Number of protein chains: 2
Amino acid sequence: MLELRLLAALDAVARTGTFGAAAAELGYTQSTLSQQVAALERQVGGAVFDRPGGARRPRITPLGRLVLTQARTLLAADVAARDAIDRFHAGAGRVDVGTFQTVTNVLLPTVVDRLRVEHPDADIRLFEDETDEPPIDLLDLAFLDVPGPDDADHVEVFRDEHVVVARRGAFPPGPVPLADLHGRAMVALPPICDQAVVEAALARAAVAPDIVFRTVDNQGITSMVRAGLGAAVMPVLSVWGQRHDDALSFHRLEPAVPDRVVQVVSRGTLSPLAMRLRELSVEAGQHLVRDLAAADGSGDIAGREGAHPPGTS
Amino acid sequence: MLELRLLAALDAVARTGTFGAAAAELGYTQSTLSQQVAALERQVGGAVFDRPGGARRPRITPLGRLVLTQARTLLAADVAARDAIDRFHAGAGRVDVGTFQTVTNVLLPTVVDRLRVEHPDADIRLFEDETDEPPIDLLDLAFLDVPGPDDADHVEVFRDEHVVVARRGAFPPGPVPLADLHGRAMVALPPICDQAVVEAALARAAVAPDIVFRTVDNQGITSMVRAGLGAAVMPVLSVWGQRHDDALSFHRLEPAVPDRVVQVVSRGTLSPLAMRLRELSVEAGQHLVRDLAAADGSGDIAGREGAHPPGTS
DNA sequence: CCCCAGTATCGCCTGATGCGATCATCATCA
DNA sequence: TGATGATGATCGCATCAGGCGATACTGGGG
């Protein structure tokens, strides 16, 4: 295996013309350069320089020319490699992020924007995967609303209260008793991830709604509710865009079902870029919760007044 | 500066999955591999593998992935380089050869043919330079009919007798006394290289021909002789192609002028390919001389009978 | 609770590596 | 022709990097 140290010596001698000058350039003594070139010559099986003797300068041999071209390729690759590593530490590079609708809509726009300001050359890729087994091994970070693998690292980003979304008039103003959902026509997300958690909570309370339609699309849910197909239990941030829709009403549940917990999950060491993205996500999550709390009491969500805002538990 | 040794360790661990297997593959012990990876991590400023502990295998980090791609580039360049060096020793590569008319016509066809049989991928380039200062520094080998620089290596390829070429009937059969050329109309090559040597020899003998035409082209000389413009003194191999031309007669000179000495000149260490080309040239030169001697006595050259053939002195 | 499959660490030894000093060679110039 | 200077080679020495073997450490699984 060739040694870059020796190839650098060859290159320096070829460029400077003498062993002594090359040594000075590389910070060695002439004697060391002499030995390095000799070692290289042993390795490549022939002289790379003719030493005419006396005060005459060494002249490169055909073999030396060949080795020199190869050496320069290798040395260039070396500096390119170290450069890439430096840029990595400076935060450049690529980060693959798994996400889902709510996060994509309410959290990531801010996060991605800030990260791109800090690292304009960053390569941020989002994957909105519809399966319930997120391949976090192929990603740097994954946003999840259910716990990831045990051996993965979890960082909570925000908590998201579940509310009843109904056609205005379907429920009286104020909180909805959980038992009122029993037997009621409802629309829902597919029973995976957070939705599975919600349905399990309902089942534990012996509440069995009549789910008449399922879709993966948050907007599809509210559209169906608006059309009178049924009510829905949704994380509040999933329907935040419709909070001023007069055709809909929002109600707290009593007793509440557990909040949706949105976390960033990762496995192993993170790149600086991924680390920063996670930090920004947590910050943005806190802002989100604060904004939500500020909007609280405006009457958008019936029965919400005086309640603790989500995310402060 | 990165070390290929450590990059190979990284690559091996990444491929085999464990330090131990990588060590076995590379012929080290596990402890050594552990130290090598640790050294690499110190150099790149971060972990390249997460070691989960216990029986679980190490997992590459984002930094590790980056370094690995760079490492594979470098390692590939390393094998490519060593491969090129091996092929060089096996005789592949390029050889630049300086030549001139006679050598191109009577010697190199054989030599190049044989060399290409031995090394089909050899890149043989011929340069027929018209200046009298051959840039042997830019060539691997140069054929010359005059001595090259003092510090260059000279190997004689063949000697070439000077003969008088005349229109048939211009001279009586048999050798031409040198003095007969005095004042005679003659055609000649430009007074450089061997021609300068010939003219110096004539001048030393106080013979001053009347040179009525000069051209660099050997065929141009014989054409002019045939047309009756005058006689010529030429190395026999330069006019060998016209030896059966009935319009011409060939005569030895008495006393002879010195033979033209064709040599291969080089400076410094030769590549295996250049070395072989020089060897083949010497062999081909000997064959040439032998063929010439065999053709001797056929009467093609008047006055040549019984003379020593050129090249045997 | 022990064992297994992994890695890390310690102490030791050898050889590689760099240095300083000195030598040898040859061109140049007085 | 002899001194000088520029150049690379070589020698001996000190240091330390790199490899090894043994052993400790870790966590999962029987």
Side-chain angles (χ1 to χ4, degrees), chain A residues 1-44 46-61 63-64 149-153 267-269, chain B residues 1-44 46-61 63-64 149-153 267-269:
Chain A
M1 185 161 293
L2 296 171
E3 288 172 58
L4 294 183
R5 188 173 46 94
L6 306 185
L7 299 181
L10 169 68
D11 177 54
V13 174
R15 277 186 294 101
T16 63
T18 76
F19 284 48
E25 180 180 305
L26 298 177
Y28 293 121
T29 64
Q30 175 266 318
S31 120
T32 298
L33 251 285
S34 190
Q35 292 179 75
Q36 289 184 341
V37 172
L40 179 63
E41 289 177 325
R42 250 177 282 125
Q43 204 163 24
V44 301
V48 296
F49 292 108
D50 284 322
R51 285 82 148 177
R56 282 166 301 182
R57 293 171 154 220
R59 299 173 44 79
I60 198 161
T61 64
L63 174 58
D150 279 349
D151 60 343
D153 300 320
R267 180 131 59 186
T269 304
Chain B
M1 186 163 291
L2 296 171
E3 287 171 58
L4 295 183
R5 188 172 46 92
L6 306 185
L7 299 180
L10 169 68
D11 178 54
V13 174
R15 277 185 295 101
T16 61
T18 75
F19 284 46
E25 179 181 306
L26 298 176
Y28 293 121
T29 64
Q30 175 266 318
S31 118
T32 298
L33 250 286
S34 189
Q35 291 177 75
Q36 288 184 342
V37 172
L40 180 63
E41 290 178 325
R42 251 176 281 124
Q43 203 163 25
V44 302
V48 296
F49 291 108
D50 284 322
R51 286 81 149 179
R56 283 167 299 182
R57 293 170 155 222
R59 299 173 42 81
I60 197 160
T61 64
L63 174 58
D150 279 349
D151 61 344
D153 299 322
R267 180 132 59 186
T269 304

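As the structure is a computational prediction, the values presented were derived from the model and not from experiment. Below, chain A is the first sequence line, B the second, and so on; all start at residue 1.
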> If the sugar-phosphate is the primed atoms plus P, OP1 and OP2 and the base is the rest, what is the B/S/- string for nucleotides 14-30 of chain D, using protein heavy atoms under 4.0 Å?
Replying inline: ----SSBBB---BBS--
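The partner of dA30(C) is dT1(D), by the rule that a Watson-Crick or G-U pair needs both atom distances under 3.5 Å.
The CG atom of Asp50(A) sits 11 Å away from the P atom of dA9(D) (whole-angstrom rounding). Here the P atom of nucleotide dT7(C) and the CG atom of Leu33(B) are 9 Å apart, to the nearest Å. The distance between atom CZ of Phe49(A) and atom P of dG8(D), rounded to the nearest whole Å, is 10 Å. Regarding Phe19(A), its CZ atom lies at a distance of 17 Å from the C1' atom of dC19(C), rounded to whole Å. Summarising the geometry, the separation between CG on Leu6(A) and C1' on dA16(C) is reported as 11 Å, rounded to the nearest angstrom.
Interatomic distance, Tyr28(A) OH to Leu33(A) CG, rounded to the nearest 0.5 Å: 8.5 Å.
For the side-chain contact (heavy atoms from CB on, under 4.5 Å) with Val48(B), the lone residue among Leu6(B), Val13(B), Val37(B) that qualifies is Val37(B).
In this structure, the side chain of Gln43(A) engages the main chain of Met1(A) through a donor-acceptor pair within 3.5 Å. Looking at Gln36(B), its side chain never comes within 3.5 Å of a backbone N or O of Leu10(B) through a donor-acceptor pair.
At dA8(C), one or more side-chain N or O atoms of Arg51(B) fall inside 4.0 Å of OP1 or OP2 (strictly under the cut-off). Considering only side-chain N and O atoms, Thr18(B) lies nowhere under 4.0 angstrom from the phosphate OP1 or OP2 of dG6(C).
Side chain to side chain, Thr269(A) and Asp50(B) meet the donor-acceptor criterion of an N or O pair below 3.5 Å. Checked by atom type, the side-chain pair Thr29(B)/Thr32(B) shows a donor-acceptor distance below 3.5 Å.
Scanning residues 7-16 of chain A for heavy-atom distances under 4.0 Å to DNA chain D yields an empty list.
The heavy-atom pair separating Phe49(A) from Glu41(A) by the smallest distance is N-OE2, 3.4 Å. Gly17(B) and Pro58(B) get closest at one heavy-atom pair: O-CD, 3.3 Å. Closest of all the heavy-atom pairs between Arg59(A) and Arg267(B) is NE-CG, 4.1 Å.
Among the nucleotides dG6(C), dT7(C), dG8(D), the one closest to any side-chain atom of Arg57(B) is dG6(C).
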